[in-house]
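Here's the structure we're looking at; comments come further down.
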There are 2 protein chains.
Amino acid sequence: MNGQDLGLAAVARLAGVSTATVSNVLNRPHLVAPATQERVLAAIDELDFVPNRAAAALRKGTNRMLGLVIPDIVNPFYAAIVDAVVEAADRERYAVALCVSHEDPAREQRHFDMLAEQRAAGALVVPITADWSRLSQLRMVGAHLIAVDRRVDEAEACSVAIDDVHGGDIAVTHLLAIAGEGVVIVNGSRTIVQCEDRRAGARLALSRAGIEPDSLVELEVAEMTVEAGIAAGRRIAETGAPRRIFCTNDQLAIGVMRGLADSGLIVPDDAAVVGYGDLAFGNDEARRLTTVGQPKHEMGEVAVAKLLAELREGAAHQHSATTFQPHLVIRESTSR
Amino acid sequence: MNGQDLGLAAVARLAGVSTATVSNVLNRPHLVAPATQERVLAAIDELDFVPNRAAAALRKGTNRMLGLVIPDIVNPFYAAIVDAVVEAADRERYAVALCVSHEDPAREQRHFDMLAEQRAAGALVVPITADWSRLSQLRMVGAHLIAVDRRVDEAEACSVAIDDVHGGDIAVTHLLAIAGEGVVIVNGSRTIVQCEDRRAGARLALSRAGIEPDSLVELEVAEMTVEAGIAAGRRIAETGAPRRIFCTNDQLAIGVMRGLADSGLIVPDDAAVVGYGDLAFGNDEARRLTTVGQPKHEMGEVAVAKLLAELREGAAHQHSATTFQPHLVIRESTSR
DNA sequence: CTGTTAGCGCGTTCAA
DNA sequence: TTGAACGCGCTAACAG
């Protein structure tokens, strides 16, 4: 056990072969005679040889590493994506450089620069703005990019995203099957794409059911938090708004149920509530909430798969955009 | 804007200087005359030159990258640590290679191998076993290791950890100041170090108050979940156990409050409950829960600081173990 | 202050 | 099937 690091050469010397042969047993074992292989492996073991990826990266111009750029790691939605990506990458022996942009474009830019300098083979990115051109520097050095949780023109790049319109659709379609009149949506700002899409889906569901979409009662909240949900729930109870309620995330839904309870309205008896996200919070209210589940893990896995495919295919590669369909997770909050 | 990558040499040629000078303006600008610097920077800009870290890493034998090995990323406790680490590393222009061991030693080993091959400058690791010797391979290639959330002998390595004994102590000391008789602890398996430590702290608090530690009523649960907490809460209500309750994590505490409520016992009027962790769940029950807060962010930051210090100091470095003191976050669940 | 030079460890020709 | 030799892009001496 020595701490020195003489590289292939030392191994080659000990095994009585050339460095090329050592390199071959490591990377293209089929080209080396079994006997030689064994000798080399023994030498590697003997010397505790650890291949130097930096040298390989320099030589090959690309590194067995990929970047993952997300806006926030504490958010369980992104955490789930990170989990999936890291696992898929690990399976293929890729390192994952995690970058958290915190919604700061300058920081995001620095991350791209860094990944470019590392000669990362590619990057999975949840961009904080729609300005895809900022990603050009990564492109330049041959890195490949996949947009995650964002749909991007197939001329630009591969992307994976979740169909939020469909999510809103199935949520409200489900509500419409429950006895009652009218539907209310508790939504965040419509400037957020996801919020707008979920709303569009809700209206679509109404239309399909032969109901005027404008009859949808809309409650917009500034922050999509439990607190805002509570306030919304109270307002719904007080104003006699519809008792079939679609909340565009789970926190809002949990809050709404509380707000309703404050006014003596019990879910699901007096009202039906659907949330969105199906995030694993530590409480069991979430376990009672009917919600729209997103295939986060699958999205992460496919993102990695797309990236690796793009690397493999080279110039022949055709970008593709995959959209995942969310699914309804039916639980107590709508069981009447 | 070309996609080619001719390196320092191209920049040097365009700026009419040598490669060494270009390298200097990048890494030691103070050694270069301002005028020259400007010319070089202009050339860099002109060619969209992106330095190649792999080459630098090869040359220097170490990479501006550090590994972060954790058991689980979906767990908000680790997510918070990742957040802190990534931010601190980013500030120093270090890339962070995230590895998730999923409690699998073989996988953890692969991660270490990979980090060694990448010639990561160091790694922060939450080891899944106490077998510190397995980390020797990383050591060998000059990587430096910091143990996170684990206390390690200072002869071995630097470490950062949280004093769970103290956490149990302050939790129960707080409970003892509330009117009532006896204390019950709802705890996970004592084979888990954290659980055992929190219990020890609880007993310590009793002793200090002149109470026989064995009077502590102990409820052990198999899984530290909300469900288990509910069951425990019911049991407490039924058996007339003490109404001053210390739960060794927040999920248990939330469950206990529910279980008590099922039997008509209202917190804080009929019982006082303290949790542990102060994790940001999406519900506001957590916002009402008195709990033991852990300085997760600080721990992550200090871990990075220790690593960078170790890198800077070289052979002169003395390992150190820092223990963070948790603090009580007093909220409604104990306000009587 | 700047240029010259010599590798860092590896992968990949091309010959043998 | 194996070996010799070159160079990937950069940094660190050292010289000027």
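To find a chain, count down the sequence lines: A is the first, B the second, and so on, and within it residues start at 1.
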> What are the residues of residues 14-22 of chain B, sorted by number, that bring a heavy atom to within less than 4.0 Å of DNA chain C?
Replying inline: B/G16, B/V17, B/S18, B/A20, B/T21

>> Looking at D/dA12, I'd like to know if its phosphate oxygens (OP1 or OP2) sit under 4.0 Å from a side-chain N or O belonging to B/R28.
In response: yes

> If you count the non-hydrogen atoms of other residues, nucleotides and ligands that lie under 6.0 Å from CD in B/E313, is the total more than 12?
Replying inline: yes

> Can you check the B/H30 NE2 to C/dT2 P distance for me, whole Å?
Replying inline: 13 Å

> Below 4.5 Å, heavy atoms only, C-beta onward: do B/V160 and B/E298 meet side chain to side chain?
Replying inline: no

>> Using only atom types and a distance under 3.5 Å, with no angle test, would you say the side chain of B/S159 pairs donor to acceptor with the backbone of B/V152?
In response: yes

> So which one's nearest nucleotide on DNA chain C is more toward 5', B/R59 or A/R53?
Replying inline: B/R59

> If you draw a 6.0 Å radius around CD in A/E154, do more than 12 non-hydrogen atoms from other residues or ligands fall strictly inside?
Replying inline: yes

> Just by modelled atom types, is the A/V100 backbone N or O under 3.5 Å from a matching donor or acceptor in the A/H111 side chain?
Replying inline: yes

> CD1 of A/I70 to SG of A/C99: how many Å apart, nearest 0.5 Å?
Replying inline: 9.0 Å

> Looking at five pairs on each end of the helix from C/dC1-D/dG16 to C/dA16-D/dT1, what is the angle between the two axes, given to 10 degrees?
Replying inline: 30°

> Just how far, in rounded Å, is P of D/dG9 from CZ of B/R64?
Replying inline: 22 Å

> Rounded to the Å, how far apart are B/K60 NZ and D/dT11 P?
Replying inline: 6 Å

>> Has A/R119 got a side-chain atom pairing as donor or acceptor with A/A57's backbone, closer than 3.5 angstrom?
In response: no

> Heavy atoms, side chains only, cut-off 4.5 Å: are B/Q118 and A/N63 in contact?
Replying inline: yes

> Looking only at side-chain N and O atoms, does A/N52 come under 4.0 Å of OP1 or OP2 in C/dC8?
Replying inline: no

>> Could you tell me how far apart B/L58 (CG) and C/dC8 (C1') are, to the nearest whole angstrom?
In response: 4 Å

> Between C/dG9 atom P and A/F49 atom CZ, what is the distance in whole Å?
Replying inline: 10 Å

>> With a 4.0 Å cutoff (strictly under), does any side-chain N or O of A/S23 reach OP1 or OP2 of C/dC10?
In response: no

> Which is true for A/N24 with a 4.0 Å heavy-atom rule: it touches a base, it touches only sugar-phosphate, or it touches nothing?
Replying inline: nothing

> Base, sugar-phosphate, or nothing: which does A/L8 touch, judged by heavy atoms less than 4.0 Å apart?
Replying inline: sugar-phosphate

> Do A/E108 side-chain atoms and A/I128 backbone N/O form a donor-acceptor pair below 3.5 Å?
Replying inline: yes

> So does B/D83 pair up with B/K296, basic N to acidic O under 4.0 Å?
Replying inline: no

> In whole angstrom, what separates B/R119's CZ from D/dC10's C1'?
Replying inline: 17 Å

> Heavy atoms, side chains only, cut-off 4.5 Å: are A/R64 and B/M114 in contact?
Replying inline: no

> Got a sec? Which of residues 31-42 of chain A come in under 4.0 Å of DNA chain C, heavy atoms?
Replying inline: none

> How many Å lie between CD on B/E117 and P on C/dC8, as a whole number?
Replying inline: 20 Å

> Any donor and acceptor pair, going by atom type alone, linking the side chain of A/Q37 with main-chain N or O of A/V32 inside 3.5 Å?
Replying inline: yes

